[in-house]
Number of protein chains: 2
Amino acid sequence: MKLLYHPDREEIHLSSVLYALSDPVRLLIVSELSRIGESACGDIGLPVVKSTVTHHTRTLREAGIIRTRAQGTQRFLSIRRDDLEYRFPGLLTSILEAFDSSEEAAKLREAARNEE
Amino acid sequence: MKLLYHPDREEIHLSSVLYALSDPVRLLIVSELSRIGESACGDIGLPVVKSTVTHHTRTLREAGIIRTRAQGTQRFLSIRRDDLEYRFPGLLTSILEAFDSSEEAAKLREAARNEE
DNA sequence: TCTATTGTTCGATAGTAATCAAACTTTAGA
DNA sequence: TCTAAAGTTTGATTACTATCGAACAATAGA
C-alpha cells in the first residue's frame with residue numbers, strides 16, 4: 001500500500017481547509033466523524049460511490065483535517081481536532097455547528113439513507 | 001447598471017461561504033474590509049487586475065458575505081456581519097483571526113504593495 | 001488456496017474557476 | 001461636451017474537480 005501523506009501541523013493552511021470543507025459531501029464526512037468518532041470509510045453513510053469517497057477522504061487528509069489509519073483492508077478516519085484547534089481556534093466548532101443545523105445536512109443524510 | 005444580486009439572509013449557505021473564503025485573494029478582501037470598514041473596490045490593495053477583482057467581489061457578494069453599494073462610478077463594499085453572525089455564529093471571527101495571523105496574509109499584503 | 005470484503009487507481013466526462021487583456025459603460029468634473 | 005476615473009463584461013487560456021464505472025490490490029477468513 002502507498003504511504004498516506006499527512007501534512008504537518010504547521011503546514012495546514014487556512015485556504016486549503018476552507019476549500020476542503022466547502023463540499024457538502026466532505027462536510028458530511030467530517031460531521032459524521034465528529035458525531036460517532038473514528039470510523040472506517042465504509043461505515044459512514046454517504047450518497048456517493050466508493051471511488052468518490054476515496055477522492056474526498058484524500059482531499060480532507062491532504063488538507064490536514066482528518067487522519068487515516070490503515071488496519072487490514074479498512075481505513076479508519078478521525079478528525080485532527082488538536083491540530084486544527086491549535087492552528088484555527090474555534091473554526092471547526094463553528095463550522096460543524098452551522099452544518100449540523102442546516103437543511104443541507106438533513107438532505108444529504110436522507111440521500112445517504114436512500115442509497116443503502 | 002445591472003442590479004446587484006444579494007442573497008437573502010436565509011439563502012446564505014455554509015458550503016458557498018466556505019468556498020468563497022477558500023481563495024486567498026478573497027480572504028484578503030474580507031480581511032481588509034474588516035480592518036478598515038466599508039471601502040471602494042479600488043481602495044483595497046490587491047495583487048490582481050481590476051477585472052479579476054470584479055470576479056472575486058461578485059463571488060463574495062453572491063455567497064452573501066459582502067454587500068455592494070453603488071455610488072457614482074464607485075462600488076462600496078462592506079461585510080454582512082449581522083447576517084453571517086446570525087447564520088453561522090463565530091464563523092467569520094475565527095476565520096479572520098486565523099487568516100490575519102497567517103503567513104499567507106503577510107505574503108499577499110506584500111504582493112499587493114509591490115503592485116502599486 | 002479460494003473468496004468475499006474493503007478500499008485504491010485509472011480513465012472519461014462534464015462542469016467550473018482564476019487569471020489577464022481589451023473593449024465597453026457609467027458617472028463626475030473640467 | 002470632453003475627458004478621466006472606476007468598474008464591468010467578454011473572450012481566451014489554463015487548470016482543476018466532482019462524479020462514475022471498471023479494473024485492480026491487499027487482506028481476512030473459510
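Every value quoted in this text rests on a predicted model; they were computed, and no experiment measured them. Labels below follow one simple rule: chain letters A, B, ... track the order of the sequence lines, proteins then strands, and each chain is numbered from 1.
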- Query: For the pair made of OH in A:Tyr19 and P in D:dA15, what is the distance, rounded to whole Å?
  - Reply: 17 Å
- Query: Does a side-chain N or O from A:His56 land closer than 4.0 Å to OP1 or OP2 of D:dT17, or not?
  - Reply: no
- Message: Closest-nucleotide mapping onto DNA chain D: is B:Phe76 or A:Lys50 further toward the 5' terminus? I mean the 5' end.
- Response: B:Phe76
- Where A:Leu27 and B:Ser15 come nearest, the two heavy atoms and their spacing: CD1-CB, 4.4 Å
- Can you tell me how far C1' of D:dT19 sits from CG of A:Leu46, to the nearest Å? 14 Å
- Query: Could you give the CD-to-P distance, from B:Glu62 to C:dA17, as a whole number of Å?
  - Reply: 10 Å
- Check the hydrophobic clustering (I, L, V, M, F, W, Y; side-chain heavy atoms under 4.5 Å; chains of links allowed) and say if B:Tyr19 and A:Val25 are grouped together. no
- Considering just the side-chain nitrogens and oxygens of A:His55, establish if one lies under 4.0 Å of OP1 or OP2 belonging to C:dT9. no
- Task: For DNA chain D, determine which residues of residues 20-41 of chain B have any heavy atom closer than 4.0 angstrom to one of its atoms, and list them numerically.
- Result: B:Ala40, B:Cys41
- Message: Can you tell me whether the side chain of B:Ser51 and the base of C:dA21 have a donor-acceptor pair closer than 3.5 Å?
- Response: yes
- Query: If we ignore angles and hydrogens, is there a donor and acceptor under 3.5 Å between the side chains of A:Arg58 and A:Thr68?
  - Reply: no
Side-chain atoms of residues 35-46 of chain A: list all donor-acceptor pairs with protein atoms under 3.5 Å, sequence neighbours left out, distances to 0.1 Å.
residue : atom : partner : partner atom : Å
A:Arg35 : NE   : A:Glu32 : OE2          : 3.1
A:Arg35 : NH2  : A:Glu32 : OE1          : 2.9
A:Arg35 : NH2  : A:Glu32 : OE2          : 3.3
A:Glu38 : OE1  : A:Arg69 : NH2          : 3.0
A:Glu38 : OE2  : A:Arg69 : NE           : 2.9
A:Glu38 : OE2  : A:Arg69 : NH2          : 3.4
A:Ser39 : OG   : A:Gly37 : O            : 2.7

- Item | B:Val48 side chain, from C-beta outward: closest of D:dG21, D:dT19, C:dC20 | C:dC20
- Non-hydrogen atoms of A:Gly64 and A:Leu84 that approach each other most closely: O-CD2, 4.0 Å
- Write down the distance between CZ (B:Arg58) and P (C:dA18), rounded to a whole number of angstrom. 10 Å
- Note on the structure: Rounded to whole Å, CG of B:Leu4 lies from P of D:dA6 at a distance of 18 Å
- Message: I need the CD1-C1' distance between A:Ile66 and C:dG7, as an integer number of Å.
- Response: 13 Å
- Item | Pairwise 5' ranking along DNA chain D for B:Gln74 and A:Thr52, keeping only the more 5' one | B:Gln74
- Task: With A:Phe88 as reference, evaluate A:Asp83, A:Thr93, A:Ile12 under the side chain to side chain contact (heavy atoms under 4.5 Å, CB included) test and give the passing residue.
- Result: A:Ile12
- If you look at every heavy atom in B:Glu62 and B:Pro7, which pair is closest and at what distance? O-CG, 3.6 Å
- Query: Is a donor-acceptor pair below 3.5 Å formed from side chain B:Thr73 to base D:dG7, judging by atom type as modelled?
  - Reply: no
